[in-house]
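Here the structure comes first, spelled out in structure tokens, and everything after it is commentary.
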Amino acid sequence: MKPVKFFNSLGRRLQEFEPLEPAHVRLYTCGPTVYDRIHIGNLRTFIFEDILRRTLRFFGYRVTQAMNLTDVEDKIIAAALEAEVDIDTFTAPHVESFFEDLAALRVERVEHYPRATEHVAEMIAMIERLLAAGYAYRADDSVFFRIAADHDYGKLSGIDLDQVRRGQRVQSDEYGKQDARDFVLWKGAKEGEPEWPSPWGPGRPGWHIECSAMSRKYLGKTFDIHCGGVDNLFPHHENEIAQSESANCCPLARYWLHSEHLTVDGEKMSKSLGNCYTLGDLLDRGLPARSIRYLLASVHYRQQLDFTFDKLAEAGRALKRIDDMRFRLAHEAEKDGDSASLDLAASDFENAFAEALADDLNTAAALGAVFTFVHAVNGFIDHGLPPGARARVQAALDRADQVLAVLDVGEWAGSPEAGGGLSDAEIDALVEARSDARASRNFAAADRIRDQLSEAGVVVEDTPHGSRWKRA
RNA sequence: GGCGACGUGGCCAAGUGGUAAGGCGAGGGUCUGCAAAACCCUUAUUCGCCGGUUCGAAUCCGGCCGUCGCCUCCA
């Protein structure tokens with residue numbers, strides 16, 4: 001098992017990764033709040049986490065991952081109230097579209113998707129422990145976490161709450177608390193809001209406690225990696241640490257990985273700017289899901305990524321280079337090439353690829369290795385493929401694609417319309433007719449067929465060994 | 001005000017001390033009946049600016065300029 005290094009937000013440094021249990025990684029990733037369709041910024045984070053998960057397995061670890069679904073929270077309650085339905089009815093379609101979006105981008109299903117509404121009992125139990133230990137207090141019908149009681153509060157974000165400029169949101173909190181820094185664990189019920197019984201009367205859980213309770217249930221008091229977007233670093237993850245470590249008396253997670261945000265046309269996504277794209281928005285424009293995954297995965301996760309349609313098109317052209325090589329490889333006969341040097345190129349690629357991933361998930365460098373290999377294989381195709389070359393190249397690419405899930409176009413639902421409705425057999429027949437025409441030097445007829453195929457989205461390539469075709 | 005990140009060729013983007021990966025674009029070439037497609041080659045003596053450390057710096061240190069993010073809704 002190769003040593004893998006990650007940049008740990010807790011301590012802000014690159015660290016060699018070592019799981020608590022040998023060969024088994026327990027991973028918690030903050031999931032969506034299911035009040036709307038998720039946007040491509042969310043998707044960037046989920047793709048990063050997917051690549052993390054796949055990378056861990058690539059290096060031989062077994063992964064147990066939990067991703068929560070926040071299905072009760074202020075925005076959900078407000079929207080459900082507005083729609084005059086209960087929150088479960090309101091969130092159901094958003095949960096569904098969330099899974100659809102992930103599937104469309106080939107994000108793997110994880111082991112657990114716990115929902116907040118199904119774990120209120122665990123949250124109450126944790127709040128009771130915090131109250132008993134003096135880390136929490138009741139005020140009105142609510143319960144708050146007492147930050148003054150937590151001596152190492154702020155260790156993740158480095159934020160010193162005494163230095164924080166007091167924003168309006170702090171002042172305007174509706175629930176009474178002893179100290180403006182404190183955050184809510186349990187909110188007393190309000191008229192018209194969903195509520196659960198508790199030792200403190202009816203109410204609902206605060207946002208932060210959800211993750212603390214659910215990660216403990218599915219991964220244990222201390223687990224290996226906790227991920228999320230940078231915006232969650234403070235206050236959400238800071239508060240999770242405060243709650244969990246105060247309640248459990250042991251560290252929450254050993255490694256904290258945060259992915260940077262996606263901007264659109266250089267600006268933060270926001271509804272008012274109209275640049276808040278969902279996956280559906282992009283797919284509706286006919287943009288391929290595969291290009292989207294490639295683009296979102298192609299920049300290092302700790303680097304801000306600026307999304308533009310130009311870059312998405314570029315991503316598609318880059319993928320085409322890979323597809324073209326595979327197409328040529330599939331149509332080129334193996335004969336007398338240098339087997340040893342092809343094998344060397346393949347193992348160079350495999351080593352460079354693994355090394356890049358092991359270096360804090362450097363997907364940009366890993367893709368660089370892919371293209372260097374593509375170049376090398378193109379050279380073999382031009383100068384002679386040794387016996388076994390196709391299988392060797394295929395194996396190397398397949399292994400890399402276990403992590404990237406983007407290299408093999410065949411794994412992506414192609415557009416069935418491509419080819420203008422022509423079947424493979426019909427295209428074969430047309431290409432053959434064209435070859436016959438060319439052989440008899442009837443170029444006008446040959447060009448007519450070529451135009452016909454072109455209009456149907458089929459590209460014909462003439463090679464020294466005859467013509468071949470592919471769908472554009 | 002506090003905390004943090006970033007600034008590499010036309011565009012994007014790797015690279016944390018040893019002499020600039022990769023992709024897109026552009027230019028040239030090969031192949032071709034002509035094309036197309038594809039492939040190949042070329043494309044940064046230089047890494048925001050100024051100093052410093054070092055035999056050696058895009059990489060370390062200091063200063064400056066610029067961009068961005070977080071500071072209790074937010075992936």
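These numbers were taken from a predicted model, which means no experiment stands behind them. Each chain gets a letter, A, B and so on, in the order the sequences are listed, and its residues count up from 1. All heavy atoms count here, side chains included; hydrogens, waters and symmetry mates do not.
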Any side-chain N or O of A:Arg317 under 4.0 Å from OP1/OP2 of B:G25? yes
B:C6, OP1 or OP2 - any side-chain N/O from A:Arg302 closer than 4.0 Å? no
Given the [atom1] atoms of [N] and [M], what is the spacing between them in whole Å?
| N | M | atom1 | result |
| --- | --- | --- | --- |
| B:A35 | B:U42 | C1' | 24 Å |
| B:A14 | B:C55 | C1' | 28 Å |
| B:A20 | B:C47 | P | 12 Å |
| B:G22 | B:C39 | P | 15 Å |
| B:U54 | B:A13 | P | 35 Å |
| B:G23 | B:U8 | C1' | 15 Å |
| B:A75 | B:C70 | C1' | 13 Å |
| B:A57 | B:C49 | P | 15 Å |

Check every strand shown and say whether [X] touches a base, only sugar-phosphate, or nothing at a heavy-atom separation below 4.0 Å.
| X | result |
| --- | --- |
| A:Asn362 | sugar-phosphate |
| A:Ala364 | base |
| A:His375 | sugar-phosphate |
| A:Leu43 | nothing |
| A:Gly41 | base |
| A:Arg44 | nothing |
| A:Asn378 | sugar-phosphate |
| A:Arg12 | sugar-phosphate |
| A:Arg434 | base |
| A:Arg450 | base |
| A:Ser157 | sugar-phosphate |
| A:Gln303 | sugar-phosphate |
| A:Phe371 | sugar-phosphate |
| A:Val370 | nothing |

Pairing check on B:A14: which nucleotide meets the Watson-Crick or G-U wobble criteria with it, both distances under 3.5 Å? none
Partner of B:U54 by Watson-Crick or G-U wobble geometry, both contacts under 3.5 Å, or none? none
Is there a donor-acceptor contact under 3.5 Å from the side chain of [X] to the main chain of [Y]?
| X | Y | result |
| --- | --- | --- |
| A:Tyr35 | A:Phe90 | no |
| A:Ser246 | A:Gln243 | no |
| A:Ser244 | A:Ile241 | no |
| A:Ser212 | A:Ile209 | no |
| A:Asp281 | A:Thr278 | yes |

On the side chain of A:Lys268, is there an atom forming a donor-acceptor pair with the base of B:C74 - under 3.5 Å, no angle test? yes
Looking only at N and O atoms, is any donor in the side chain of A:Glu314 or the base of B:G23 less than 3.5 Å from an acceptor on the other one? yes
If you measure only the distance, is there a donor-acceptor pair under 3.5 Å linking the side chains of A:Arg328 and A:Asn378? yes
Does the side-chain hydrogen bond (donor to acceptor under 3.5 Å, both in side chains) test come out yes or no for A:His39 and A:Asn42, once each step is laid out? CA-CA 5 Å; A:His39 55 64; A:Asn42 297 299; 3.2 Å; yes
